[in-house]
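Below: the structure, in structure tokens.
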Amino acid sequence: MKKWVPIASGLLAGFIAATISFADFSSKTDTQTASANNKSDAEKVYVPFGKKDDYYLFASGGHSGQMFIYGVPSMRKIRTIPVFSQDSATGYGFDEHSKKLMGGYTWGDLHHPAFSETNGDYDGKWMFATDVGNSRAAVVDLKTFTTKDIIKVPNTAGPHCAAFVTENTEYMFLPTRFAVPLGQKYESLDDYSSKYRGVMSAVTFDDKNVKLNIAYQVALPPWSYDLSDAGKKGSKDWAVMTTYNTEEATTTMEVNASQADRDYIVLFNWKELEKMVKEGKYEDVGGQKMIFPEKEKGGIYLVPVAKSPHGVDVTPDGKYFIASGKLAPAMTVFSFEKAFKAVENKEFAGERNGIPILKYDSVMEREVNPENALGPLHTQFDEKGMAYTTMFISSEIVKWDPNTGKTLDRVPVQYSPGHSVAAEGDTVAPDGHWLIALNKIAKDSYLSVGPSHPESMQLIDISGKMKVIQSAPVDPEPHYAQMIKADKIKTIEVYPKDSKNKDAVYSQKDTKIVRKGNEVHVYGIAMRSRFIFDAKSKRPDVIEVNEGDHVFIHLTNIDFDEDITHGFAINDYDLNMEVQPGQTNTMEFTADKSGTFPLYCTNFCSALHQEMNGYFLVKPK
């Protein structure tokens, strides 16, 4: 018994010492606050099962033609939205609707997504994007995360610096990256300065009919137009975009398009351009209303900027726009108010291609040159209006105050950031807290997958001192992204019944196969776990046609249950499509080879998914 006394005494003394040293005698509220402020990096990004992320991140997929969706702060990828390229997983580009949207193209180069806005704030309804590869624009419905319309933009070649939308989504402006002759007809490059143009298109969106339309176009000088932004609040009727190759070079661009000391920002008033169109001050070019600035004065001005600029970004209060040259270390803060006064007072430094040039000193508010920061590209903002600029060459994000030019903080990223995106960072009311660097180079950040590495996205906590707390690989290649509060997006769980859809069938008894000459229409249903194409048939899950028949398969998913998606594929016919709950989708093709071809559900739907199959029989001629 005596030998336990020193042991017990030691335990008691240890307990008392531990209590004095480590116990928390503060109130519960203080404990919770301290805990929140001292979370580890892992805790900040951890979203436990049953909880959901605070934000959606929509990252452009570049030459994949797709849109990549992530949750923030977890940085978990949750969806790929096919937009400009085919996607065999969902059958996008194979079913009739998306095949028509694709317009005969099989790929696209998706750049610069932009949300629809109401009063300068994201409204969570629509997402717009552009295709540099084939000069198209698209709109994605955020209720279903599916592409709804694609428009081919005539008279242009590569709308790169859009989409950017005005304060109430009146317009989406699509300036072009490449200058081409109007109508893209052949002209000698020796006549580049006189025969080529860079065209900006003003696109409207009819949300009732879900259609994109071109309102008018502007024939700009034959330069390259890079990035852009719309004004806010007091500058809401205006917009800005950067240019390069004002040298009008036609070869060896990395040298010849960087000769001039300055390029330009195009500053334009879209309300004035709209008025010109209403007054008939345009020409018809290939069926489009085209404004020629050298003929119709007003509404468009040039602002000198450091050479080869990339980003131009409007501050949340709408007072300033910020731009920088890729080959210059400094950012320039320009004042909208000063620009308006310069326009009113006609403080011009001559003209270029018929467009008035505002005097640099009349518009410039201040130049900002953070020490040793190189390659400024793109700027985002937090809830206090502070600016965060990506430095491509020095591989860092620099935080600074647009009102004073003072550098406030900086953090290295891995490596070579092009764009960045802040939480609601392009709105009149950014959220702060999170910023994501979209890095062009990952190098040794992840497991090797061969000579080509993934790109890198890094989550930065900007609520205090800037700190990178999470890194995630991303498929090629994020040309900008947008981050929106998760509760702004209201998705649907199932497609509602559409009594007006003549191709939809919602009960087994209405399924049928109808022949009209050599045209065969199948009105079928998909349900767990069978296909029914003709309920009255001996084998209701079989489709039989003749070789050479033109076949339409209209398939309705009658499982009105969340996440019960069916697929439909015909073996050896290179066909697949997706049918979501309540949705009707159509596949159109010619039965150009005879034989016996199994058909089956490609999207796991139930325990008897394997049994969800049938046959497509094609009688030989």
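In what follows, every heavy atom counts, from backbone to side chain, and hydrogens, waters and symmetry copies are set aside.
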Asn155 and Gln217: CA distance, side-chain angles, deciding distance, side chain to side chain donor-acceptor pair (under 3.5 Å) verdict: CA-CA 9 Å; Asn155 298 318; Gln217 296 182 314; 2.9 Å; yes

Pairwise distance [atom1]([X]) to [atom2]([Y]) - rounded to 0.5 angstrom:
X      : Y      : atom1 : atom2 : answer
Gln482 : Phe128 : CD    : CZ    : 11.5 Å
Ile81  : Asp141 : CD1   : CG    : 10.0 Å
Thr147 : Phe84  : OG1   : CZ    : 7.5 Å
Ile570 : Leu599 : CD1   : CG    : 6.5 Å
Met290 : Arg197 : CE    : CZ    : 8.5 Å
Met172 : Thr166 : CE    : OG1   : 10.5 Å

Does the plane of the ring in [X] sit parallel, tilted or perpendicular to the ring in [Y]? Use 30° and 60° as the thresholds.
X      : Y      : answer
Phe145 : Phe58  : tilted
His112 : His419 : perpendicular
Phe552 : His550 : tilted

Applying salt bridge (Lys or Arg N to Asp or Glu O under 4.0 Å) to Asp561 and not counting sequence neighbours gives Arg528

Which of Tyr171, Phe173, Trp238 passes ring pair (Phe, Tyr, Trp, His ring centres under 6.0 Å) with Phe268? Answer is Phe173

Tell me, do [X] and [Y] make a side-chain contact under 4.5 Å, heavy atoms counted?
X      : Y      : answer
His97  : Thr586 : no
Val411 : Val468 : yes
Ser135 : Leu174 : no
Arg136 : Tyr105 : yes
Ile393 : Lys326 : no
Ile462 : Trp434 : no
Tyr244 : Lys307 : no
Asp131 : Leu110 : no

| message | For Ile397 and Leu435: C-alpha separation, side-chain torsions, deciding distance, then whether side-chain contact (heavy atoms from CB on, under 4.5 Å) applies. | response | CA-CA 10 Å; Ile397 308 290; Leu435 179 85; 3.6 Å; yes

Charged N to carboxylate O under 4.0 angstrom, [X] versus [Y]?
X      : Y      : value
Glu424 : Lys488 : yes
Asp149 : Lys211 : yes
Lys593 : Asp572 : yes
Glu477 : Lys440 : yes

Ignoring hydrogens and geometry, is there a side-chain-to-backbone donor-acceptor pair from [X] to [Y] under 3.5 Å?
X      : Y      : result
Asp206 : Val210 : no
Asp87  : Pro82  : no
Asn168 : Thr118 : no
Thr390 : Gly418 : yes
Lys152 : Asn134 : yes
Gln380 : Ala422 : yes
Asn585 : Val579 : no
Gln66  : Val83  : yes
Ser60  : Tyr480 : yes
Ser116 : Thr169 : no

**Message:** One pair to check against side chain to side chain donor-acceptor pair (under 3.5 Å): Asn603 and Thr565. What are the steps and the verdict?
**Reply:** CA-CA 6 Å; Asn603 199 313; Thr565 297; 5.0 Å; no

State, to 0.1 Å, how close [X] and [Y] come at their nearest heavy-atom pair, and which atoms those are.
X      : Y      : result
Thr242 : Pro309 : CB-CG, 3.8 Å
Ser201 : Val153 : OG-CG1, 3.3 Å
Val199 : Ala219 : CG2-CA, 4.5 Å
Gly91  : Ser98  : O-OG, 4.0 Å

Whether Lys143 engages the ring of Trp126 as a cation-pi pair (distance to the six-membered ring centre under 6.0 angstrom, angle to the ring normal within 45°) should be assessed.
yes

- prompt: Could Lys443 and Tyr415 be counted as a cation-pi pair, given that NZ or CZ must be under 6.0 Å from the ring centre and within 45° of the axis?
  reply: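 Cation-pi check for Lys443 and Tyr415: passes.
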
Ring centers of [X], [Y] separated by less than 6.0 Å:
X      : Y      : result
Phe178 : Tyr225 : no
Phe616 : Tyr573 : yes
Tyr600 : Phe531 : no
His521 : His554 : yes
His63  : His479 : no

* Decide yes or no on side-chain contact (heavy atoms from CB on, under 4.5 Å) for Thr602 and Met577, but give the supporting numbers first. => CA-CA 8 Å; Thr602 52; Met577 69 176 178; over 6 Å; no

- prompt: Hey, mind stepping through Lys485 and Asp431 against salt bridge (charged side-chain N to carboxylate O under 4.0 Å, His left out) and telling me if it holds?
  reply: CA-CA 9 Å; Lys485 292 177 184 175; Asp431 275 12; 3.6 Å; yes

| If you draw a 6.0 Å radius around CG in Asp574, do more than 12 non-hydrogen atoms from other residues or ligands fall strictly inside? |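 Incorrect, the count does not exceed 12.
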
Enclosure of Leu189 CG (heavy-atom neighbours >12, cutoff 6.0 Å):
yes

Note to self: Assess the residue pair Thr379 and Thr389 against the criterion (side chain to side chain donor-acceptor pair (under 3.5 Å)); give the C-alpha distance rounded to whole Å, side-chain angles, the decisive distance to 0.1 Å, and a yes or no.
What the structure shows: CA-CA 4 Å; Thr379 301; Thr389 300; 2.8 Å; yes

List the steps and the verdict of salt bridge (charged side-chain N to carboxylate O under 4.0 Å, His left out) for Asp475 and Lys77.
CA-CA 11 Å; Asp475 294 327; Lys77 185 178 178 181; 3.2 Å; yes

**OP:** Please lay out, stage by stage, how Ser394 and Glu396 fare under the test side chain to side chain donor-acceptor pair (under 3.5 Å).
**Re:** CA-CA 6 Å; Ser394 54; Glu396 60 180 329; 2.9 Å; yes

Q. Are side-chain N/O atoms of Thr556 and Thr584 paired as donor and acceptor at under 3.5 Å?
A. yes

